[in-house]
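First up is the structure itself, then whatever we jot down about it.
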Amino acid sequence: MAEAALYDTYSRAPLRFERGEGVWLITETGERYLDFGAGVAVTSVGHSHPHVVGALKEQADKVWHLSNIYEIPGQEALAKRLTEATFADKVFFTNSGAEALECAIKTARRYQFSKGHPERFHIITFEGAFHGRTLATIAAGGQEKYLEGFGPKAPGFDQVPFGDLDAVRSAITNETAAILIEPVQGEGGVRAATNQFLKALREICDEHGLLLVFDEVQTGMGRTGKLFAHEWSGATPDIMAVAKGIGGGFPLGACLATAEAASGMKAGTHGSTYGGNPLAMAVGSAVLDVILADGFLQQVRDVSLVFRQGLASLKDRYPDIIEDVRGEGLLLGVKAAVPSSELLQAIRDAHLLGIPAGDNVIRLLPPLVVTPDEAREGLARLERAAESVRASKVKKTA
């Protein structure tokens, strides 16, 4: 009856979790699941992290909401920390990744408008991309399954094949404002752009007066072993959308930009009622405390190596179940050699949680606080799942 009162937009797993501890989720009946989904790369520092919980409780006793009519010291403090740690000079706070992308798109278009080029509003995007669920971001992603039934596609997005530089160059016209890309496509099947490709996009943007926009909603905040995934390539964006892990589970997003890229965003051109509220700022700052602590990102890289080696071993031993292993850091994908739904169900039966993605891939996105022993425990459960799927295949053919 409770489900009947909700929109029928989700195909939910029949699991009900009551609480979380670190990398674990506990159901209402007390069953413990190893959470290698992290709420789709959101619970970056694990469930109920004491430092983050403490910051939330402390702020909750002060003030929750003010709106952006007034100055919010927490915004100024968190923006300063983000700009000091990145390429950016300016930050706009949002409540979600889709809102961060909306701000990024508007910033890029407004920049060209402010420079006397109102015709330059087209943005080059890539096949397989996922940028959110608003009308603009589903148009940017271009996937038909998300566009169907919502009327005309929002104009101004020109899609090209992922990784195809010739196609990028061919798509540039006198109406092009920017190029938008995820350094690693998450929803699209954990497909990583090469460092050379990202560098080439930077060069193309510089050559043609375009802005380079990175969608680091899923790849950012330490997920790949650096604070942001683009740092591996040395290619620097003009604008970047961030969310998911930045709030550790609290709704928070941000659009970061250079002062030049943000120069068109004057008073009144954009806004948000809830964006940058005091609660979100307290939590975001606490999450950043954890991620920027000495040795934290090195720990992510060390654990990811253990995890990646273990997945490679499973691929070698179960080639009939696991076709490929992809990704960077703790943003990993297992491309199944069977329907991914079968492997995902077996993983859940082993009390391990993963996230489905495109191209028959299951994403493994543990909280960044995962230990080597917890990674090995996850690998052991994944092996049990692979063994179960194999046994089921043998039984069907017997």
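Along the sequence shown, residues carry numbers from 1. Note that the structure is a prediction, hence the values are computed from the model and not measured.
The side-chain heavy atoms of Arg191 and Arg326, taken from C-beta on, include a pair separated by under 4.5 Å.
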Any chance you could lay out the side chain to side chain contact (heavy atoms under 4.5 Å, CB included) test for Leu135 and Ile138, step after step, and finish with the verdict?
CA-CA 6 Å; Leu135 289 175; Ile138 60 174; 4.3 Å; yes
* **Residues Phe307, Leu379; criterion side chain to side chain contact (heavy atoms under 4.5 Å, CB included); working and verdict** => CA-CA 7 Å; Phe307 205 1; Leu379 290 165; 3.6 Å; yes
Item to check | Worked verdict on Tyr146 versus Glu187 for side-chain hydrogen bond (donor to acceptor under 3.5 Å, both in side chains) | outcome: CA-CA 12 Å; Tyr146 299 128; Glu187 180 80 14; 2.8 Å; yes
* Asked: Going through the checks in order, is the side-chain hydrogen bond (donor to acceptor under 3.5 Å, both in side chains) test met by Ser285 and Arg81?
  -> CA-CA 8 Å; Ser285 185; Arg81 295 183 71 189; 3.0 Å; yes
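A salt bridge links Glu21 and Arg32; the closest N-O separation between the charged side-chain nitrogens and carboxylate oxygens is under 4.0 Å. Glu207 has no carboxylate O lying under 4.0 Å from a charged side-chain N of Arg169, or vice versa, which leaves the two without a salt bridge. For the pair Glu102 and Lys106, the salt-bridge criterion is not met [side-chain N within less than 4.0 Å of a carboxylate O]. Lys57 and Asp61 are not joined by a salt bridge, as no carboxylate oxygen comes within less than 4.0 angstrom of a charged side-chain nitrogen. Remark: Lys80 does not engage Glu76 in a salt bridge, criterion side-chain N to carboxylate O under 4.0 Å.
Because its NZ or CZ atom is both nearer than 6.0 Å to the ring centre of Phe157 and within 45° of the ring axis, Arg109 counts as a cation-pi partner of that residue.
Relative ring orientation between Phe162 and Phe197 is described as tilted, the plane-to-plane angle lying within the 30° to 60° band. Ring geometry for Phe228 against His230 counts as parallel: the plane angle stays under 30°, on a 0 to 90° scale with 60° as the upper cut.
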Residues 242-257 side chain polar contacts: donor-acceptor under 3.5 Å, at least two apart:
unit_1, atom_1, unit_2, atom_2, d
Lys244, NZ, Val40, O, 3.3

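Listed by chain and number, the residues in a side-chain contact (heavy atoms from CB on, under 4.5 Å) with Thr236 are Phe87 (sequence neighbours excluded).
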